[in-house]
Amino acid sequence: MSLKAGDSFPQDVTFSYIPWAEESSEITSCGIPINYHASKEWADKKVILFALPGAFTPVCSANHVPEYIQKLPEIRAKGVDVVAVLAYNDAYVMSAWGKANGVTGDDILFLSDPEAKFSKSIGWADAEGRTYRYAIVIDHGKVTYAAKEAAKNVLEVTSADHVYKQL
């Protein structure tokens, strides 16, 4: 079951997450993973969730995440409260990836989809358990945009520019 515009964002969606903290801002600092209750956190917010096959991979690191970092001020100006990137990698890897990209605070949340549970639940994970490349815009609990790329290394319907135009 994939998500589409008009659907409600599923209830009880929980990701794993290590909040950014000044005292653990070095890439070699681990932090402690906590549950991030996305359904509850996002119920009254406008959110862009973009998912990708894995942290520190070529298209994801060279293009996908940097596009969102660069476009973040424009995205925020459109009323987006939360921008989050999601992958099947564990919370430690996602936290390190955020630090490697110079992301601080909660500018962009680097969330882990353990065992691709959420991505599998919407049919957007591959047979190996990696998340597909997809983007979902949620506005106060309602999906207003949802799209999955046609191929692994394609960056079209989930690019920051394309998603920005959907806001």
Side-chain angles (χ1 to χ4, degrees), residues 1-3 8-72 75-76 80-141 143 146 148-149 152 158 160 163:
M1 154 198 123
S2 62
L3 290 176
S8 292
F9 189 71
Q11 295 296 313
D12 301 321
V13 174
T14 302
F15 300 120
S16 183
Y17 168 66
I18 297 176
W20 187 89
E22 183 71 41
E23 63 274 6
S24 60
S25 62
E26 293 296 318
I27 197 166
T28 55
S29 297
C30 291
I32 298 180
I34 61 171
N35 285 335
Y36 184 86
H37 301 282
S39 301
K40 291 177 185 160
E41 292 286 336
W42 299 343
D44 296 320
K45 294 180 178 143
K46 191 170 187 178
V47 178
I48 294 175
L49 172 65
F50 68 103
L52 33 79
F56 295 106
T57 55
V59 173
C60 307
S61 288
N63 297 100
H64 212 176
V65 168
E67 278 186 354
Y68 277 92
I69 292 170
Q70 181 180 10
K71 195 115 181 133
L72 193 57
I75 289 170
R76 294 277 192 224
V80 174
D81 301 298
V82 177
V83 176
V85 58
L86 181 71
Y88 81 101
N89 300 95
D90 67 36
Y92 297 107
V93 171
M94 294 302 287
S95 175
W97 197 30
K99 293 172 188 178
N101 278 283
V103 176
T104 59
D106 59 0
D107 288 347
I108 297 178
L109 303 179
F110 283 73
L111 303 176
S112 171
D113 187 5
E115 300 173 14
K117 182 180 175 183
F118 171 72
S119 298
K120 286 177 183 175
S121 77
I122 62 169
W124 287 356
D126 66 19
E128 296 148 12
R130 286 178 167 255
T131 52
Y132 284 138
R133 189 178 308 279
Y134 61 85
I136 302 169
V137 176
I138 307 142
D139 193 348
H140 294 79
V143 173
K148 179 178 74 69
E149 295 290 0
K152 189 184 258 185
T158 64
V163 173

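Fair warning: this is a prediction, and the values are worked out from it, not measured in the lab. Values below: all heavy atoms of this structure, side chains included; hydrogens, waters and symmetry mates excluded.
Under 3.5 Å, the side chains of Thr131 and Asp113 contain no donor-acceptor pair of N or O atoms.
To the nearest 0.5 Å, atoms NZ (Lys152) and OH (Tyr132) are separated by 9.5 Å. Phe50 CZ to Leu111 CG: the interatomic distance, rounded to the nearest 0.5 Å, is 10.0 Å. To the nearest 0.5 Å, atoms CD1 (Ile122) and CG (Leu3) are separated by 4.5 Å. Residue Ile18 holds its CD1 atom at 7.0 Å from NZ of Lys99, rounded to the nearest 0.5 Å. Put simply, NZ on Lys46 and CG on Asp81 are 9.0 Å apart, with the number rounded to the nearest 0.5 Å. In this structure, Phe9 CZ and Ile138 CD1 are separated by 4.0 Å, a value rounded to the nearest 0.5 Å.
Residues Leu86 and Ser119 have side chains in contact (heavy-atom distance under 4.5 Å, counting atoms from C-beta outward). Put simply, the side chain of Met94 does not reach to within 4.5 Å of the side chain of Leu109, judged on heavy atoms. Contact check for Tyr68 versus Val163: side-chain heavy atoms found under the 4.5 Å cut-off. The shortest distance between side-chain heavy atoms of Asn89 and Phe56 does not fall below 4.5 Å. With contacts defined as side-chain heavy-atom distances shorter than 4.5 Å, the pair Asp126/Pro53 does not qualify.
In this structure, the side chain of Ser39 engages the main chain of Pro10 through a donor-acceptor pair within 3.5 Å. In terms of modelled atom types and a separation under 3.5 Å, the side chain of His37 and the main chain of Thr14 share no donor-acceptor contact.
Counting all heavy atoms, side chain and backbone alike, His64 lies closest to Ala51 at CE1-O, 4.0 Å. Of all non-hydrogen atoms in Pro33 and Ala91, the two that sit nearest each other are CB-CB, 3.9 Å. Contact record, Ala125 with Lys120: CB-CG, 3.7 Å, taken as the closest heavy-atom pair.
Within a 6.0 Å sphere centred on CD1 of Ile32, other residues, nucleotides and ligands contribute 12 heavy atoms or fewer.
When the options Tyr92, Tyr17, Trp97 are evaluated for a ring pair (Phe, Tyr, Trp, His ring centres under 6.0 Å) with Phe110, the one that passes is Trp97. Between Thr158 and the options Glu67, Glu149, Arg133, a side chain to side chain donor-acceptor pair (under 3.5 Å) holds for only Glu149.
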### Task
For Val65 and Leu52, run side-chain contact (heavy atoms from CB on, under 4.5 Å): C-alpha distance rounded to whole Å, both residues' side-chain angles, the deciding distance at 0.1 Å, then the answer.
CA-CA 9 Å; Val65 168; Leu52 33 79; 4.1 Å; yes

### Task
Would you check, one step at a time, whether the test side-chain contact (heavy atoms from CB on, under 4.5 Å) holds for Ile136 with Trp124?
CA-CA 12 Å; Ile136 302 169; Trp124 287 356; 4.3 Å; yes

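Ring geometry for Tyr134 against Phe118 counts as tilted: the plane angle lies between 30° and 60°, on a 0 to 90° scale.
With sequence neighbours excluded, the residues satisfying side-chain hydrogen bond (donor to acceptor under 3.5 Å, both in side chains) with Tyr88 are Arg130.
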